[in-house]
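Quick note on labels: first sequence line is chain A, next is B, and so on, each numbered from 1.
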Amino acid sequence: MSEYDPKKIEAKWQKIWAESGIYKSSEDQDRPKFYVLNEFPYPSGEGLHVGHLKGHIATDIYARMKRMQGYSVLHPMGWDAFGLPAENYAIKHKIHPREAVEQNIARFKSQLNLIGPDYDWSREINTTDPDYYKWTQWIFLQMFKKGLAYESNEPINWCPSCQTGLANEDLENGKCERCGSQVVKKPMRQWVLKITKYADRLLDDLEALNWPEFIKEGQRQWIGKSDGLLFKARVKDLPDGKAGTKIELETFSAHYEACYADTFVVIAPDHALLDDLIKGVEGEKEIRNKVEEINIKRLQDKYKTGELEGVFTGRFLDDPLGNGHLPIWVANFAVTDYGTGVIKCSAHDEQDFAFAKKYNIPIKIVLVPQDQELKKRVENFEVCYSDMKNGILLEPLNLSGKTGAELRDLIAEYVIENKWAKRVTMYRLRDWVFSRQRYWGEPIPLIHCDGKGSPPTGGCGVVAVPESELPVKLPEVKHYEPTGTGESPLADIPEWVNVKCPKCGGKGRRETNTMPQWAGSSWYYLRFVDPHNEGVLVDKKIEKYWAGVDVYVGGAEHVTRHLIYARFWHKFLYDIGAVSTIEPFSKRIGTGLIHASDGRKMSKRWGNVANPDEVIERWGADTFRLYEMFLGPFADSVAWNDEAIIGPRRFLERVWKMVTQNSKRKTQNQSVDLKISKYIRGISSDIENFKFNTAVSKLMILSRELENLVPNTYNLETFLKLLAPFAPHICEELWHQLGHTDSIHIQKWPQVSELTGVEGNVINLRVQINSRIGGSIFVSSDSSEEEVKTVALSSPIIAKRLEGKQVLRVVYKPGIVLNVLTN
RNA sequence: GCCGGAGUGGCGGAAUGGCAUACGCGCACGACUCAAAAUCGUGUUCCCUUACGGGAUUGAGGGUUCAAGUCCCUCCUCCGGCACCA
């Protein structure tokens with residue numbers, strides 16, 4: 001009998017598995033398919049820490065069970081390697097990003113392989129591989145051709161440290177998500193994807209998804225749909241209405257029920273129209289100074305406490321509803337990015353009310369509560385009343401006297417009929433700013449045509465690179481550091497930039513912006529299905545077979561980033577007939593983080609990183625895998641604990657001994673052990689539901705039972721099959737020691753016995769007296785209430801406890817409990 | 001502020017309305033050992049009791065039920081998401 005030596009058996013079996021190809025996926029038409037995917041990693045220079053492996057272990061366990069259950073399993077892995085971190089790492093280490101990425105991938109892959117995963121590496125993809133990003137560019141071109149990619153010069157978020165424009169999704173509390181710098185608004189030429197066109201579908205299709213509620217809700221809020229009215233009105237010069245300007249302002253209102261109360265207007269301090277609006281008014285300079293002050297204070301987060309600040313612009317809006325001339329104020333609480341950036345304000349909004357009070361702006365009441373006392377206080381402007389549902393409306397006069405809820409539609413119809421407003425739907429979601437002024441990304445495959453002859457001759461405008469010329473390869477370049485000029489480093493390579501226009505053959509310049517880091521990851525799950533296809537993104541037949549990732553595991557940080565982008569691209573690909581499903585991921589499972597034992601995030605900075613290489617070197621991969629799954633509920637964040645890993649190792653030592661030392665074992669016995677069925681059912685459903693911690697616990701309990709029983713071969717083998725997904729190496733080794741020559745990982749998953757729960761079994765029934773523990777009795781599971789009652793009352797222990805008491809009532813739940821109620 | 005999730009031993013955590021604290025760590029005692037480590041065994045929610053026993057207990061308070069960690073209401077705390085969003 002040899003000792004359990006994980007190092008020896010793990011290396012041995014990993015080699016054999018790789019050579020035998022038991023994990024290769026294929027479109028086997030005779031078997032149902034199952035596509036399980038963990039988010040592919042970004043290969044940073046830090047390498048993986050133990051927390052990164054949690055999702056990989058989980059999907060590995062899941063995939064292994066599914067394979068044993070007879071599914072044709074797809075469980076691939078690849079690399080998301082374009083983007084700022086790789087580029088910054090390369091700059092810091094003075095190597096080319098491509099080299100940095102190659103090094104980092106090699107390191108990541110060797111670390112991933114330490115856990116003995118069942119990844120089909122023949123399907124490995126890398127977003128920076130021209131054969132891959134050819135198709136990223138192809139998708140962009142299709143969007144361009146459908147008018148979903150457009151050039152814009154709007155002010156966008158600019159990160160002064162990363163020296164690139166960013167999308168809203170790249171911000172965290174107004175700061176750059178990557179480096180934490182305060183972003184500034186900067187007008188610049190950029191490419192934008194019309195994700196807003198898909199807003200409704202992204203919202204509506206959420207309902208059918210088997211996703212955690214917090215993710216769905218997060219996306220709903222991110223999309224931020226709200227229906228309302230868009231009012232349009234002209235700006236006046238003077239309070240008396242003489243000499244009107246040409247400026248027209250649009251205001252959006254979702255709570256328009258009380259629109260007759262509007263007495264003033266506010267505009268965002270960074271609004272594009274503000275400059276024209278203020279031009280020529282009395283005290284213009286002071287106003288501008290104040291506006292500037294508000295803008296600066298806002299950038300410095302000075303208003304987080306809810307302080308209101310504003311300045312009168314000197315202009316008035318001619319109220320379409322006939323409320324006269326409404327003063328236009330600049331207010332710190334108005335945001336340019338939402339609605340139109342201009343708001344009609346009234347006494348029936350907490351914030352507007354407070355603002356009006358502060359600056360003594362006249363207000364008016366048109367909405368009152370039923371409660372008379374409160375009504376008085378509202379009418380005296382003592383409190384703000386904003387209940388648009390239950391409040392009684394006093395205006396418009398022709399509709400007055402009913403609640404806001406009753407009148408909402410009627411008021412909308414009324415003002416629309418009078419052409420004062422129109423119905424609109426606003427979204428918080430903005431179109432996706434898609435260009436980056438950095439080197440390490442997919443080149444945007446477009447050419448700006450300057451036309452033939454000497455300029456200016458107009459040219460063909462922006463022309464798509466012909467699909468036959470894809471990929472537009474990222475050129476080699478000496479200096480790939482960001483330029484900070486609003487152009488990417490690619491602009492400095494004339495031999496790459498200057499090309500002929502594909503349309504007219506005249507002078508053309510390549511687009512020099514690159515795509516954001518999210519581009520390649522927005523469709524990678526599709527490429528795994530058909531990774532080497534040179535002629536098409538993914539073959540239709542093959543796509544149809546694998547269609548839809550059945551289980552997609554990943555982190556919570558992607559709720560409003562990757563998971564929205566990928567859904568958007570997928571829906572677009574559906575629209576052009578490239579894929580057959582409307583959603584990419586049917587089921588989403590969130591991975592909880594693993595914190596360091598000190599409770600903080602694992603980071604080199606804190607020196608608290610648990611390194612998987614070291615942990616596996618010391619304990620073995622199987623112990624490591626079991627431990628990570630046993631730490632706590634999969635979706636929860638848990639703290640790494642160096643001490644507790646000994647538990648799973650002790651468990652495996654016992655398993656090893658149980659199989660290798662048991663000479664008294666009975667010969668092959670196919671009779672079904674009823675007891676083990678309970679574990680088969682429990683462990684299978686635990687894995688199915690990502691409840692790995694309780695599955696491990698059940699395996700530990702089962703092993704104890706088997707140790708005590710002098711297990712027969714059938715039970716032992718069943719146990720090994722149940723443990724195999726968690727601890728693939730030791731189970732494979734023991735399986736072979738039991739005399740098998742094929743792999744345990746392609747055996748049939750244990751089936752639950754049909755014999756369980758059969759009528760007439762003798763069971764141990766719990767007896768309670770007055771709902772408290774009273775004892776237990778053995779009865780047949782199909783006994784009647786009378787029979788059970790008789791047995792219970794004649795049981796000595798129970799009889800003794802009932803001495804001197806009268807039985808008033810019994811409650812019988814067959815198979816569960818008999819509750820005897822006494823006086 | 002709005003939305004989502006969670007509060008259970010010394011610690012990580014378990015529990016289709018039916019024996020709360022499974023499983024693991026740690027700790028205590030015992031076996032083995034000259035000794036230690038490792039391993040194995042026993043015990044381990046808290047309080048009272050030498051013991052036998054008894055009492056309390058799932059963030060707080062109320063409710064439904066024969067029976068509540070679990071369902072309902074009010075509140076507190078923590079975590080996560082969104083937010084001067086009109």
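The number of heavy-atom neighbours closer than 6.0 Å to NZ of A:Lys185, taken from other residues, nucleotides and ligands shown, is above 12.
Under a 4.0 Å N-O distance rule, the pair A:Glu169/A:Arg430 does not qualify as a salt bridge.
Residues A:Glu39 and A:His562 have side chains that never bring a donor and an acceptor to within less than 3.5 angstrom of each other. Side-chain atoms of A:Asn168 and A:Trp222 form no donor-acceptor pair, as typed in the model, at a separation below 3.5 Å. Judged by distance alone, the side chains of A:Asn819 and A:Tyr812 never bring a donor and an acceptor atom under 3.5 Å apart.
Residues passing the salt bridge (charged side-chain N to carboxylate O under 4.0 Å, His left out) test with A:Arg649, sequence neighbours excluded: A:Glu653. Applying the ring pair (Phe, Tyr, Trp, His ring centres under 6.0 Å) criterion to A:Phe264, with sequence neighbours excluded, gives no partner residue. Remark: A:Phe634 pairs with A:Phe690, A:Phe692 by the ring pair (Phe, Tyr, Trp, His ring centres under 6.0 Å) rule, at least two apart or across chains. Residues meeting the salt bridge (charged side-chain N to carboxylate O under 4.0 Å, His left out) test with A:Glu250, sequence neighbours left out: none. Evaluation of the salt bridge (charged side-chain N to carboxylate O under 4.0 Å, His left out) rule for A:Arg561 yields A:Glu172 as partners, not counting sequence neighbours. Taking A:Trp329 as the reference, A:Phe312, A:Phe355, A:Tyr359 meet the ring pair (Phe, Tyr, Trp, His ring centres under 6.0 Å) condition, with sequence neighbours excluded. Scored by the side-chain contact (heavy atoms from CB on, under 4.5 Å) test, A:Val559 finds A:Phe214, A:Ile215, A:Gln219 as partners (sequence neighbours excluded).
Between B:rC19 and A:Arg766, a contact under 4.0 Å exists linking OP1 or OP2 to a side-chain N or O. Note on A:Arg220: every side-chain N or O is 4.0 Å or more away from OP1 and OP2 of B:rC2.
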Name the pairs: protein N/O against N/O of nucleotides 63-67 of chain B, kept only if under 3.5 Å.
{"unit_1": "B:rC66", "atom_1": "O2'", "unit_2": "A:Ser771", "atom_2": "OG", "d": "2.6"}
{"unit_1": "B:rC66", "atom_1": "O2", "unit_2": "A:Asn819", "atom_2": "ND2", "d": "2.3"}
{"unit_1": "B:rA67", "atom_1": "O4'", "unit_2": "A:Ser771", "atom_2": "OG", "d": "3.1"}

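Under the Watson-Crick and G-U wobble criteria, each requiring two contacts below 3.5 Å, nucleotide B:rU77 is paired to B:rA6.
Of the residues in residues 644-653 of chain A, those lying under 4.0 Å from RNA chain B by heavy-atom distance are A:Ala644, A:Ile646, A:Gly647, A:Arg650. Near RNA chain B, meaning a heavy atom under 4.0 Å away, the residues from residues 206-215 of chain A are A:Phe214.
Within 4.0 Å of A:Ala334, counting heavy atoms only, lies at least one base atom of the nucleic acid.
Of the candidates B:rU16, B:rA22, B:rG24, B:rU16 carries the atom nearest the A:Ile816 side chain, counting heavy atoms from C-beta on.
Sorted by first and then second residue, the salt bridge (Lys or Arg N to Asp or Glu O under 4.0 Å) pairs with a member in residues 253-272 of chain A read A:Glu257-A:Arg408, A:Asp262-A:Lys344, A:Asp270-A:Arg298; sequence neighbours excluded.
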**Fill in**
Protein-proximity profile, nucleotides 8-15 of chain B, B/S/- by nucleotide at the 4.0 Å heavy-atom cutoff, equals ----BSSS
